[in-house]
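Notes to accompany the following structure.
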Number of protein chains: 2
Amino acid sequence: MNDARTALLDTALERFVERGYESTGIQEIVDRAGVSKPTLYHHFGCKEGLLLALLAESLEPFQSRLESAANHQDDLPLALNRVTRAFFDFAGQSPQFYRLVICLASAPSGSASARAFAPYAARWHAVLKRLFAAASNPRVHSRSAQLAVTFLGVINTWISLALNDAIALDQDLAFQAVHQYMHGIYA
Amino acid sequence: MNDARTALLDTALERFVERGYESTGIQEIVDRAGVSKPTLYHHFGCKEGLLLALLAESLEPFQSRLESAANHQDDLPLALNRVTRAFFDFAGQSPQFYRLVICLASAPSGSASARAFAPYAARWHAVLKRLFAAASNPRVHSRSAQLAVTFLGVINTWISLALNDAIALDQDLAFQAVHQYMHGIYA
DNA sequence: CAATAAATTTACCGAACGGTATAAAAAGAT
DNA sequence: ATCTTTTTATACCGTTCGGTAAATTTATTG
């Protein structure tokens, strides 16, 4: 039975989003999940293992979709649209989890939170960078690293806004966001 | 002598940026600062008091500059330029401190980090919102709250990029950022 | 110089931390 | 039905946590 495992992952997500990974005690998680401490250590090895498993469970599937959205190199705006919709859909389907992602992405560099998320951040950045680097325009090509960072920043800003103010992360918003961003590049 | 006080604030900033407020122990701070534990409690009352003092010391002066930059309601792009330059100058002069700001701004809502920074975040948002709300264009006026959030998001994205990749937060970048953002509004 | 107030130290507190040795219960396989 | 493996629980480990009482040093003031 992986009943306990699922309960632990659910509870961990809830507590990590509310109070943060570092401030949440193992005891609090197991109590709320209705299991005992050694059960957690049996399934996840250590506290960090719980966080890593929580991230892998949701981020691995998303990574596949993200890379397939970015792979077909037809033209840049279309690819950026697919990427943006992938992010918006993901955040819309798992809002609580994406709240955690936003916390981890800005966590202090030496913290366990940042270390756990770092590999995924690097992969996201690589996907976007490759996309911009493949553009014909030399202004875009030569700035691919910067553009990757600022594009992800814009996306996360919109998602943050949606998570707090309940605006819709629909295709229209994705189109507008990409359109505005593309214009900014050439300005 | 406020020698100990200054040493504690400096050390706290360094450790909070590196490992985060929640993961940094009082013991570690006083050891590195070369003082003893009750000295810290004499000056700051409690651990959270240390964080609050650290924030107040740098953010109160900045708040004055930010509000004066936003006050003269000549026209929106000019005001946004002054605001952007205020942020860029601040981040350029205190890069380590602004790293802390970025961490706190995205910290879990129920954490001590987020609670400490929340009042400043609210004031920043209010300043920007008032600026957009004063615009004549109804599309800008009616979306002032959203625009305030997204504008701060763009600014922080640029600053994050500068802190990691050592690009220059100069007046040109401020002008470009505002210009691109303004175009996006009317698109 | 004496008296007072502020700053700092030594030594300690109870509680919560992450983690584990041992063993009982549950599930699957033969 | 029994044996084996996986899963869960009781009770506990040493360490570190934030915080403090009491006393000592340092600086200020009359």
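What's counted below: heavy atoms across the whole structure, side chains too, no hydrogens, waters or symmetry copies. Proteins come first, then strands; the chains are lettered A, B, ... in the order of their sequence lines, and each starts at number 1.
Contact detail for Arg15(A) and Glu28(A): the closest heavy-atom pair is NE-OE2, 2.7 Å. Contact detail for Trp158(A) and Ala177(A): the closest heavy-atom pair is NE1-CB, 3.8 Å.
Between Thr39(A) and dA9(D) there is a side-chain N or O to OP1 or OP2 distance below 4.0 Å. At least one side-chain nitrogen or oxygen of His43(A) sits closer than 4.0 Å to the OP1 or OP2 atom of dT8(D). The phosphate of dG19(D) has OP1 or OP2 within less than 4.0 Å of a side-chain N or O from Tyr41(B).
Distance, Lys37(B) NZ to dT9(C) C1': 13 Å, rounded to whole Å. dA6(C) atom P lies 16 Å from atom CZ of Arg5(B), rounded to whole Å. For the pair His42(B) NE2 and dG18(D) P, the interatomic distance rounds to 20 Å; values are reported in whole Å.
For Ile26(A), whose side chain is taken as the heavy atoms from C-beta onward, the closest listed nucleotide among dA9(D), dG18(C), dG19(D) is dG18(C). Across dT7(D), dT9(C), dG19(C), the shortest atom-to-atom separation from the side chain of Val35(B) is found for dT9(C). Of the candidate nucleotides dA9(D), dC12(D), dC17(D), dA9(D) has the atom lying nearest to any side-chain atom of Pro38(A).
Here Thr24(B) lies in heavy-atom contact (under 4.0 Å) with sugar-phosphate atoms only.
Contact check on Glu22(A) versus Lys47(A) returns no salt bridge, with no Lys/Arg side-chain nitrogen under 4.0 Å from an Asp/Glu carboxylate oxygen. Using a cut-off of 4.0 Å between Lys/Arg side-chain N and Asp/Glu carboxylate O, Arg99(B) and Glu18(B) are scored as not salt-bridged.
Each of Gly45(A) and Gln27(A) was assigned the nucleotide of DNA chain C with the nearest heavy atom; the assignment lying further toward the 5' end belongs to Gln27(A).
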